[in-house]
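Counting convention: from 1, in listed order, for ligands and their atoms alike.
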Amino acid sequence: MSKKLQALAGALALHWLGAAAVLAAGEPVEIRIDTARPGATINRHIFGQFAEHLGRGVYEGVWVGPDSSIPNTRGIRNDVVAALKAIKVPNVRWPGGCFADEYHWRNGIGPRDRRPATLNPNWGGVIEPNTFGTHEFMDFVQQIGADAYLSINVGSGTPAEAADWLEYLTTPQPSALGKERAANGHPEPYRIAMLGIGNEAWGCGGSMTPDFYVSQLKIHARYARNYNTQQKMQRIAVGPDGTHTEYTRAVMEAWKNKTWAWDIEGISLHFYTVVKWPPAFKATGFGETEYATLVHETRRMEDLLRTHLAIMDQQDPEKKIAMVVDEWGAWLAATPGSPEGFLEQQNSQRDAIIAASNIHTFARHADRVRGANIAQMVNVLQAMILTDKQRMLLTPTYHVFRMYLPFQDATLLPVTVSAAEYRHGEIVLPRVDAIAARDAQGKTWLAVSNLDPGQATQVTLDVSAAKFKRARGETLTAPRVDSVNTFDAPTTVAPKPFQAQASGGQLKLSLAPASITVVSLE
Ligand code: AHR
């Protein structure tokens, strides 16, 4: 063989070895979808968003004002609206968070130039200009096609203040408050789909004992009425803080023994992927240990839900009360140099894996978990969108929300995944995490994450009974687990087309390391 040919053969062998090394999967994993045993509907509201008056979440992230050079519609930025419309945001929780329990709605109505400047003591002590108030929020949710999930002020407000806000928003009658709303530009009553009765009443929402909160809950649930009889409103009580079960028990027992005079339709759970406070995990520039630790931590959502849902089942076996996980996501060390209290953080492929893991957990409990709100929508914590003045980028977490659109209101199908592990030091995780569902058109969808950041995984799906011929969809991979999108390189982490053909009654999917793949089975 000539030297030239030898070199070429060597190069080819190396190339082949390289490809084999990339494709070499750990143990192959088998997935079975039981298409004959459809489960509960995966409520689209588990894909809800949270927008608090915090840092650049609302101001700059959503609201730039009608005079801004950033293209906007009545002050709300068009690029952000278009991006959120594309992921069919089902609801937006507003105005907080801790902010909600210090928010006085009257400061945010009427001519904007006459609204008072107040303070935001929770989040950097900055001036709250109140230019984004009730009408601006309702305009925003209408522009993106979402429902309004309003949090009323139970901590420092009064039942009368909350009742007035609801009357102002929802009455079709020409009462003084109804007329005031019309004078402020909206004669038609608004629709409030969800109402949070306080926020973290065990913490920033008033440090209330469970019993004290329950008495506040009864009062507010009675008087913060929905006057829009055309539309139902779900009232969500404050529920547990992570593992603590006292609130779950107190609220559910009170509900079980309730009188005709008050009611609720849901209870909330807050759980952040943080490991310990204050948040110290870096959002960028981390390695496999930090990846594995946070993915392991986020998977605690499953145990938490099991604990709280078991308590709910005792008091409410018919599952009338929804569990709404209205704050969840990764809470990392703030971006160096960002203002104190603004909770700004980058968003990496690890965040995408975290998002998919939580969506899978919520879907598996679809019979009770009928709402969830990732914290938070723009520029804060595990955001969908980051903005820098006129620039905007979509995060890896955004891409997950877009890829999972087919699961909104689809019917859960049971999935079994053969045992296979990913290990890093003491941490043991399943190698593969999957859910499946059937959409309204009868199409079957599979979402599958390969949690192993070091190895591709070969997944085999027995499709002989269902006679699926191919899988088609998208996969979200990244050069590294800490890869992020930046304003200069906004598509480093972006979904790519994915497909596989069945052969001999089997579909083989080759999943890249630390990837998320969503396919329809056709
Ligand atoms: O999302 C940030 C904060 O976290 C919220 O204001 C509060 O409810 C929670 O503690």
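For atom 1 (O) of ligand 1, the closest non-hydrogen atom on the protein side is Y272 OH, 2.7 Å. Closest protein heavy atom to atom 4 (O) of ligand 1: E327 OE1, 3.2 Å.
Under 4.0 angstrom from ligand 1, there are no non-hydrogen atoms of N122. Here V380 has no heavy atoms under 4.0 Å from ligand 1, in either its backbone or its side chain. Residue W328 does not touch ligand 1, judged by heavy-atom distances below 4.0 Å.
Of all atoms in ligand 1, listed by their number and element, those nearer than 4.0 Å to a heavy atom of N199 are 8 (O). Close approach to C98 involves these atoms of ligand 1, each under 4.0 Å from a residue heavy atom: 5 (C), 6 (O), 7 (C), 8 (O). Interface of F50 with ligand 1, defined as ligand atoms under 4.0 Å from a residue heavy atom, comprises 1 (O).
Of the polar atoms of H270, none of the N or O atoms is found under 3.5 Å from an N or O of ligand 1, judged by distance alone. For ligand 1, the polar-atom distance check against E200 finds a nitrogen or oxygen pair separated by under 3.5 Å. Residue A375 has no N or O atom closer than 3.5 Å to an N or O atom of ligand 1.
Counted by atom type alone, T131 and E136 present zero donor-acceptor pairs between their side chains at under 3.5 Å.
Between H135 and Y190, the gap from one ring centroid to the other is short of 6.0 Å. F271 has its ring centre no less than 6.0 Å from the ring centre of W328.
Cation-pi contact between R350 and F286: present, with separation from the ring centre below 6.0 Å and deviation from the ring axis of at most 45°.
Between the CD atom in Q49 and the CD1 atom in I385 there is a gap of 8.0 Å [rounded to 0.5 Å]. One finds the CD1 atom of I109 at 12.0 Å from the CZ atom of R114 (value rounded to the nearest 0.5 Å).
The pair E180-R106 counts as a salt bridge, with a side-chain nitrogen and a carboxylate oxygen less than 4.0 angstrom apart.
Nearest-heavy-atom check against atom 6 (O) of ligand 1 across E52, H53, Q376, R93 picks out E52.
Taking a 4.0 Å cut-off on heavy atoms, F99 fails to register as neighbouring ligand 1.
Using cut-offs of 30° and 60° on the angle between ring planes, the pair F407 and Y404 is tilted. A perpendicular orientation is assigned to the rings of Y59 and H53, their planes being inclined by more than 60° (bins at 30° and 60°).
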